[in-house]
Trainee: 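Let me give you the structure first, and then I'll get to my questions.
The analysis underlying the following values was restricted to heavy atoms, covering all of them including side chains, and did not include hydrogens, waters or symmetry mates.
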Amino acid sequence: MRWLAAVLLLLAAPALAETVTIPFKPPVGEVLRYRSERVTVSTKPGQPAIETRIANTSTFHFARGPGDGWTMTVTPDVHEVSGNAPESALAAARPVTAAGSPLPMEVRLDGQGNVLDLANADTLMAETRAAFARLRAAPPQGLPPETVDAIAATIAGLSRDAFVEQALGTFQFAFVGGVEDVPLDTPTEVRERMPLAMLGGAEAEFAMTVTATRLSPGQVRVTVTGSDDAAALAPQLEAFTTRLLKTQPRWRNLPEADKAKERAELTDALRRLEQTYDTRINVDLATGLPLAATQVLRARAPALSGATERTESLSLTRLP
């Protein structure tokens, strides 16, 4: 994450504090395997939690270039969907995982391992939209056509930047990038703008505490915890609710008077959104690559989708 590398560069080491250098030296030509998981849990008072789990196993290959940078090729291999959510919700996740990354992703990195761009994003977007167009023409058994329509509308409405954020979201958080002289055991408070998972990528300002801790001679953990201020997001919230009302089958055919009421209720609920953030990244000091990482986003929005609380957890684990 480029912002995390920048924050680590700014951390001030107290006098005599131990420091560590996190390099970026991925093994050239070697194929690495990682397993990522995205687990979403929604809860309502007095009811069992509803869980959806999407797991992917992918290969990562690093090559030098262009220029002084790197190219990281990520090839999806295995997709798994499970959980106790209704079958229609699980069925909706299956084509998302199957169609979301039909081709390897060619990720451009700078010399320190920070993500610059998804080089083949335009091709991936075209392939993904074509895949969902095929799903709309022949929805899989058990998947309601309106669900396919909603997914297709969401995909079609994504900008290139939003598509890239979605495509890289399950693993980008775990890559710190090369940084020198990071102070150990020195919690530092910073503020950074990051996308809100529950708002389709709308950004909120998080107040964060960043700490680096040595786990062993060859491994360090970077921990980032914090919370956001959704009340400052009025323009983004208005745009997000307007897009929902236009694209989602539940709302798009409502009379204008009803849409106005729904917009007001949604915006009010989102303004009361509370979200906390907890990321823990175990970094290999020989390569600068993650060995294991977790990111947990917890959001409370009393009137959003009828759920009192929603937790989204990401994990990335290096496989043997």
Trainee: Closer than 3.5 angstrom, by distance alone: can the side chain of D110 be matched with the main-chain N or O of G113 as a donor-acceptor pair?
Mentor: yes

Trainee: Side chain of Y34, backbone of P290: donor and acceptor closer than 3.5 Å?
Mentor: yes

Trainee: Could you tell me which non-hydrogen atom of L118 sits nearest to which non-hydrogen atom of A167, and how far apart they are?
Mentor: CD2-CB, 4.1 Å

Trainee: Of all residues at least two apart in sequence or in a different chain, which pass the side chain to side chain donor-acceptor pair (under 3.5 Å) check with D278?
Mentor: R280

Trainee: For D185, enumerate each residue passing the salt bridge (Lys or Arg N to Asp or Glu O under 4.0 Å) test, keeping only those at least two apart in sequence or located in another chain.
Mentor: none

Trainee: Who pairs with D161 by side chain to side chain donor-acceptor pair (under 3.5 Å), at least two apart in sequence or on another chain?
Mentor: none

Trainee: Only counting residues at least two apart or in another chain, list the ones meeting side chain to side chain contact (heavy atoms under 4.5 Å, CB included) with L291.
Mentor: Q219, D284, R318

Trainee: With sequence neighbours left out, which residue pairs that include part of residues 34-43 fulfil the salt bridge (charged side-chain N to carboxylate O under 4.0 Å, His left out) condition?
Mentor: R35-E37, R35-E80, E37-R53, R38-E312

Trainee: With sequence neighbours left out, what residues match P27 under side chain to side chain contact (heavy atoms under 4.5 Å, CB included)?
Mentor: E30, L32, T287, L289

Trainee: Listing request: all salt bridge (charged side-chain N to carboxylate O under 4.0 Å, His left out) pairs with a residue in residues 208-225, at least two apart in sequence or in separate chains.
Mentor: E18-R214

Trainee: Tell me who clusters with V39, hydrophobic residues only, linked when side chains sit under 4.5 Å apart either directly or through other members.
Mentor: V41

Trainee: List the atom of T75, the atom of P104, and the distance in Å for their closest heavy-atom pair.
Mentor: OG1-CB, 3.6 Å

Trainee: Tell me every residue that passes side chain to side chain contact (heavy atoms under 4.5 Å, CB included) with A119, counting only those two or more places apart in sequence or in another chain.
Mentor: E106, R108

Trainee: For a quick test of your reading: what N or O donor-acceptor pairs under 3.5 Å do the side chains of residues 58-69 make, sequence neighbours left out?
Mentor:
from	atom 1	to	atom 2	distance (Å)
R64	NE	G69	O	3.4
R64	NH2	D68	O	2.9

Trainee: Other than V31, what residues sit in its cluster of Ile, Leu, Val, Met, Phe, Trp and Tyr side chains whose heavy atoms are under 4.5 Å apart, directly or through others?
Mentor: none

Trainee: Using a 3.5 Å distance criterion without hydrogens, assess whether the side chain of T186 forms a donor-acceptor pair with backbone atoms of L184.
Mentor: yes

